[in-house]
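Notes follow the structure.
Order of appearance sets the numbers: ligands from 1, and atoms from 1 within every ligand.
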Amino acid sequence: MKGITVTERTLSIIKPDATKRNLTGQINAILEEGGLRIVAQKRIQLTLAQAMEFYSVHRERPFFGELCEFMTSGPVLVQVLEGEKAISRNREIMGATNPADADAGTIRNRFALSLTENSVHGSDAGDTAAVEIGFFFAGIELVG
Ligand code: CDP
Ligand code: MG
């Protein structure tokens with residue numbers, strides 16, 4: 001409806017290929033310039049069990065093992081982004097899963113190394129965003 005703003009929260013992860021190359025500041029600047037506010041953020045090292053649970057929706061896919069191995073290959077930055085239509089806005093800013101298909105200027109177009117090592121994760125819908133935020137953050141850690 002006209003004039004009604006839809007503020008959402010979404011889970012973002014800056015993946016190990018990007019933390020290794022010291023790109024967290026550049027990626028955060030792109031997110032902020034894109035209209036998203038980082039309302040929670042922490043740098044952690046995922047265990048294999050945690051990566052497998054987080055990506056459990058993909059457990060039957062052929063890339064599951066490689067994906068979980070990659071996600072545990074170095075630290076990640078997990079973050080909650082807030083803003084107008086934050087879930088779809090973040091997906092736009094990220095670009096397509098395969099960097100070869102990602103629009104110019106998107107994070108994956110600029111920084112991704114491959115289909116697997118594609119620099120960022122973003123929730124894909126409201127229900128998954130809520131589950132993914134709860135996976136990493138307690139309510140009191142979301143400071144607005
Ligand atoms: O991350 P996104 O939601 O764009 O894609 P996805 O289909 O949910 O896949 C999750 C992640 O698995 C991707 O971001 C890639 O890192 C990885 N992947 C892969 O390694 N090979 C594929 N064929 C598809 C995805
Ligand atoms: Mg996904």
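Annotation for ligand 1: atoms under 4.0 Å from non-hydrogen atoms of R108 are 1 (O), 2 (P), 4 (O), 14 (O).
Looking at atom 9 (O) of ligand 1, its nearest protein heavy atom turns out to be H58 NE2, 3.5 Å. The protein atom (non-hydrogen) at minimum distance from atom 16 (O) of ligand 1 is T116 O, 2.9 Å. In terms of protein heavy-atom proximity, atom 4 (O) of ligand 1 is nearest to T97 OG1, 2.5 Å. Scanning the protein heavy atoms around atom 15 (C) of ligand 1, the nearest turns out to be L115 O, 3.3 Å. Atom 24 (C) of ligand 1 has its closest protein heavy atom at F63 CE2, 3.5 Å.
A donor-acceptor pair under 3.5 Å is formed between the side chain of E141 and the backbone N or O of A138. Between the T72 side chain and the L48 main chain, no donor and acceptor come within less than 3.5 Å of each other. A donor-acceptor pair is defined here as one N or O able to donate and one able to accept, closer than 3.5 Å; such a pair exists between the side chain of D17 and the backbone of S119.
Checked by distance only, ligand 1 and E117 stay at 3.5 Å or farther apart across all their nitrogen or oxygen atoms. When only interatomic distances are considered, the shortest N/O to N/O separation between H121 and ligand 1 does not fall below 3.5 Å.
Contacts between K15 and ligand 1, counted as non-hydrogen atom pairs separated by less than 4.0 Å, involve the side chain only. When heavy-atom distances to ligand 1 are checked against a 4.0 Å cut-off, N118 comes that close only through its side chain, counted from C-beta outward. At a 4.0 Å heavy-atom cut-off, ligand 1 touches L67 through the side chain alone.
Using a 4.0 Å cut-off between charged side-chain N and carboxylate O, E82 and R37 make no salt bridge.
A donor-acceptor contact closer than 3.5 angstrom is absent between the side chains of N90 and T10.
The six-membered or imidazole ring of Y55 lies away from that of F64, with a centre-to-centre distance of 6.0 Å or more.
Under the side-chain hydrogen bond (donor to acceptor under 3.5 Å, both in side chains) criterion, E8 pairs with no residue, sequence neighbours left out.
At least one heavy atom of R91 sits less than 4.0 Å from an atom of ligand 1.
Contact between I14 and A18 at its shortest, heavy atoms only, is CG2-CB, 3.6 Å.
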